[in-house]
Amino acid sequence: MATAIAHPNIALVKYWGKRDVDLNLPSTSSISVTLDSFQTQTTVRWDSPRDVAWVDGKPATPADAKKIFKHLDLITPGRPTARVITKSNFPVAAGLASSSSAFAALTIAAADAAGERFSPEELSCLARQGSGSACRSLWGGFVEWRRGLLNDGSDSHGLHLAPRDHWDLRIVVAIIDGGQKKMPSTKGMIHTMETSPMYQAWTLSSDRDVSEARHAIMERDLESLGQAMERSTLKMHATMMTADPPIRYWKSTSVWAMDAVEDLRRQGISAWWTMDAGPNVKILCEAEHAEHIAQRLRVLVDEVLVLKIGEGPQRVPDDEEALARFVVR
Ligand code: DP6
């Protein structure tokens, strides 16, 4: 039995598309920053007469339960039946990268519960097979997920670029809609790969964004990082918007938020927006500007949060009192 906490990450250079769907290998490399404050805590115990999972206090939906136990099978083939209790403290499935913290925490808790010793890279490869972005949540700070070249995917995992204290940035999150996303990422990616005439151009052009972003992180050059991030964001969304039928996660308020950030930039504030598989807008900025940017966005959006850069996953003691509420009778 074991409990792990992992934080979600936000892609600075995006992953959208797979070179191998079964092994969940990406068509492009990507770079992320791990978030502070938002987290998923997951406990795995082999003490249940049958497989049963709770997500945020409720029994898991059949679809979620299927994904969770398939992931346990991958980590410990031939495992005993299990009880899985998982809880996130932020809106799930709204383009806030909830699957990244969910599968990172589940991977670590399951490996620990099974007494398996994996390297961080091996854990990252396992997390990737649950959800691609999860392979980047195995570290804090800044992480690169190399696409990899091998057919078995063993070189497609996260690499730690820099710890959280490398650069005191903030991520301002404008929660435009905390509800479930219109189309899940996996389905959206496959549809984009199959129907967007821009898909190949997107994958071929992404390496430049990755190397510029990596260099900008090392040099603490926010303008270059922001430019690479906005370019990658726009190309990813343009590719999915030109799928047939199109996938559009943006709302009008998302565009207003981007306009507000660009206005601030014209006033000399270095602030850069990004969006993922949902309408929420995340803004990367220096710590000293974060509150000012958040105030400006609060005119447009009810819920605006200022987050710091987070650390890697942690193993924590099981919370016996909380776990007593989730038992199979
Ligand atoms: C837009 O990691 O959720 O957030 O591997 O199919 O589970 P699957 O996809 P997922 O996709 C994340 C897409 C993104 C961009 C990113 O995080 O790089």
Looking just at side-chain N and O atoms, do Thr192 and Thr239 make a donor-acceptor pair shorter than 3.5 Å?
no

Going by atom types alone, do Ser29 and Trp145 pair a side-chain donor with an acceptor below 3.5 Å?
no

Centroid-to-centroid, Phe103 to His71, below 6.0 Å?
yes

Could you see if Trp272 belongs to whatever hydrophobic cluster contains Leu264? Use Ile, Leu, Val, Met, Phe, Trp, Tyr and a side-chain cutoff under 4.5 Å.
no

Should the ring pair Phe38 and Phe90 be called parallel, tilted or perpendicular, given that the plane angle runs from 0 to 90° and is split at 30 and 60?
parallel

Only one of Thr34, Ile309, Val33, Leu35 passes side-chain contact (heavy atoms from CB on, under 4.5 Å) with Asn9, and that residue is Thr34

Plane angle bin for His237 and Tyr249 - parallel if under 30°, tilted between 30 and 60°, otherwise perpendicular:
perpendicular

Can a donor-acceptor pair be found between the side chains of Lys235 and Ser205 at a distance below 3.5 Å?
yes

Under 4.0 Å between a side-chain nitrogen and a carboxylate oxygen: does that hold for Arg298 and Glu291?
yes

Run through Ser100, Ser32, Ser133 and flag the one making a side-chain contact (heavy atoms from CB on, under 4.5 Å) with Pro8.
Ser100

Do Arg208 and Arg231 come close enough that some side-chain heavy atom pair is under 4.5 Å?
yes

Looking at Glu230 and Arg265, does any basic side-chain N land under 4.0 Å from a carboxylate oxygen?
yes

